[in-house]
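Labels below follow one simple rule: chain letters A, B, ... track the order of the sequence lines, proteins then strands, and each chain is numbered from 1.
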Amino acid sequence: MRANREILLGMYQSARSRFGHQGWWPGETPFEVAIGAILTQNTNWANVEKALGRLRKAGALSFEGMRAMDDDALREAIRPAGYFNQKARKLQHLLDWLESRCQGSMELLDNAGTDTLREELLSVRGVGPETADSILLYALGRCTFVVDAYTFRILTRHQMVAEETGYDEMKEVFEDHLPEDVELYKDYHAQIVMVGKKYCRRRRALCEECPFKEFLPAGGVPAEMMQNE
DNA sequence: TGCCAGGCCGGGT
DNA sequence: ACCCGGCATGGC
């Protein structure tokens, strides 16, 4: 529906003019992006950067480098990112999958369809919907929208979707109405995180000052409007 | 100081 | 099919 598309694009432009193009995801290689996607689960990016720095110093920001690392060393390296016991296991599961799937070379994943690849990623222990979509979009350049806690918070607080809206449904709000443009998807999610950090935290919402607000019809968007084609 | 951060899993209803 | 506790560090 055209109106929805204009609203969503307006929200994006509004945030982008305030924060500038973000150039996400920070990371040199697809592998590094994928590792960062695991490490940033429910975790401040500043802490993730510390962990990535320690991995780099240990020569473990490549598939072979990380495989060569013993378990204790891996856990110690990623400690600053928090949940390090869990995340070390998650990383090992991802490495196991990469090894069996593409000999550790993410470039070889190119010959699979996005939907198939998403299902495969979701089968990896420790990779949920947001992590899978982050890897697909930012590491592999697939056109899939990333939803996170901020996306959920912002859309529900502006009453654009119902409280009980699930991940896939939230994702469709964007994918059904935005042009299929990888660069737009990349920066849109980044802008949502910027807006969320500043205006839509867990306990404190500054909805009146939110850059998205000016593009929403007065009184909010009726739920049906965002969900129907 | 407590609250929060770019989730996900496993066990219990 | 949901609901919830657990997981851990560092910055404000």
Side-chain angles (χ1 to χ4, degrees), chain A residues 11-12 15-16 19-27 30 32-55 71-97 118-140 142 144-157 162-171 174 184-206 210-212:
Chain A
M11 288 164 59
Y12 169 69
R16 178 170 170 157
F19 296 110
H21 186 262
Q22 294 299 306
W24 275 23
W25 188 296
E32 181 177 342
V33 172
I35 298 311
I38 300 264
L39 293 180
T40 198
Q41 290 172 3
N42 201 36
T43 299
N44 193 315
W45 182 256
N47 287 1
V48 176
E49 282 190 317
K50 292 193 181 76
L52 289 174
R54 292 159 69 122
L55 287 171
D71 218 50
D72 284 340
L74 177 59
R75 282 166 31 186
E76 192 50 39
I78 67 173
R79 174 184 286 271
Y83 306 122
F84 56 89
N85 288 308
Q86 282 198 353
K87 285 176 179 173
R89 262 178 270 131
K90 294 178 178 184
L91 291 176
Q92 296 292 6
H93 288 137
L94 184 64
L95 294 180
D96 290 343
W97 177 73
R118 187 169 194 270
E119 290 308 312
E120 291 183 55
L121 281 166
L122 287 174
S123 74
V124 178
R125 279 277 169 257
V127 176
E130 181 184 343
T131 306
D133 285 331
S134 295
I135 293 173
L136 286 168
L137 178 62
Y138 293 108
L140 302 174
R142 303 304 182 99
T144 191
F145 204 88
V146 178
V147 171
D148 71 339
Y150 287 126
T151 317
F152 179 81
R153 236 179 271 157
I154 290 170
L155 265 57
T156 54
R157 286 193 182 162
E163 286 282 346
E164 55 270 20
T165 308
Y167 186 97
D168 289 337
E169 204 182 344
M170 185 93 45
K171 181 182 171 70
F174 294 92
L184 173 64
Y185 279 30
K186 284 184 179 177
D187 200 48
Y188 206 138
H189 172 64
Q191 297 297 340
I192 285 175
V193 173
M194 300 305 288
V195 170
K197 280 182 177 171
K198 203 165 167 66
Y199 301 100
C200 205
R201 296 166 68 100
R202 286 233 269 265
R203 305 295 288 274
R204 189 167 57 96
L206 303 173
C210 173
F212 289 157

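- Taking atom CG on A/Leu121 and atom P on B/dC9, their separation rounds to 12 Å, with Å as the unit.
- When heavy atoms are screened at a 4.0 angstrom cut-off, A/Glu130 is found touching the sugar-phosphate backbone but no base atom.
- The residue A/Asp148 sits close only to the backbone: its heavy atoms come under 4.0 Å of sugar-phosphate atoms, none of a base.
- For the pair A/Tyr167 OH and B/dG7 P, the interatomic distance rounds to 10 Å; values are reported in whole Å.
- Closest to the A/Thr131 side chain, of the nucleotides B/dA5, C/dT9, B/dG7, is B/dG7.
- Separating the P atom of C/dA8 from that of B/dG10 is a span of 14 Å, rounded to the nearest Å.
- If you check the side chains of A/Gln92 and A/Asp96, you find no donor sitting under 3.5 Å from an acceptor.
- Residue A/Arg125 places at least one side-chain N or O under 4.0 Å from the OP1 or OP2 atom of B/dG10.
- Using modelled atom types, one finds no donor on one side chain facing an acceptor on the other under 3.5 Å when comparing A/Lys90 with A/Thr131.
- Toward the 5′ end of DNA chain B lies the nearest nucleotide of A/Val193, the other residue of the pair A/Gly126 and A/Val193 mapping further downstream.
- For A/Arg89 and C/dG6, the CZ to P distance is 16 Å, given to the nearest whole Å.
- Legend: residues meeting side-chain contact (heavy atoms from CB on, under 4.5 Å) with A/Glu120, ordered by chain and number and at least two apart, are A/Trp97, A/Arg101, A/Thr116, A/Leu117.
- Atom CD of A/Gln41 is separated from atom C1' of B/dA5 by 13 Å (rounded to the nearest Å).
- Nucleic acid contact for A/Lys87: none, since no nucleic acid atom lies under 4.0 Å from a heavy atom of the residue.
- Spacing between atom CZ of A/Phe152 and atom P of B/dA5 amounts to 14 Å, rounded to whole angstrom units.
- The residue A/Tyr83 sits close to a base: some heavy atom pair falls under 4.0 Å.
- The A/Asn85 side chain lies nearest to C/dA8 when the options are C/dA8, B/dC8, C/dT9.
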Between A/Thr151 and A/Phe174, is the side-chain contact (heavy atoms from CB on, under 4.5 Å) condition met? List the steps.
CA-CA 11 Å; A/Thr151 317; A/Phe174 294 92; 3.7 Å; yes
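- Residue A/Ala149 is in sugar-phosphate contact alone, with no base atom involved, counting any heavy-atom pair closer than 4.0 Å across all strands shown.
- Whole-Å rounding puts the A/Asn42 CG to C/dG5 P distance at 15 Å.
- Atom CG of A/Asp168 is separated from atom P of C/dC2 by 12 Å (rounded to the nearest Å).
- Whole-Å rounding puts the A/Ile192 CD1 to B/dA5 P distance at 16 Å.
- Using atom P as the reference point in both B/dC3 and C/dG5, the two lie 16 Å apart (nearest Å).
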Watson-Crick and G-U pairing of DNA chain B, under 3.5 Å, as dot-bracket with | and [ ]
.||||.|||||||
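- In the set B/dG7, C/dG11, B/dA5, C/dG11 carries the atom at the smallest distance from any side-chain atom of A/Lys50.
- A salt bridge between A/Asp168 and A/Arg118 is present, with a side-chain N of the basic residue lying under 4.0 Å from a carboxylate O of the acidic one.
- Using a 4.0 Å heavy-atom cutoff across all strands shown, A/Arg204 reaches no nucleic acid atom at all.
- Side chain to side chain, A/Tyr167 and A/Asp133 meet the donor-acceptor criterion of an N or O pair below 3.5 Å.
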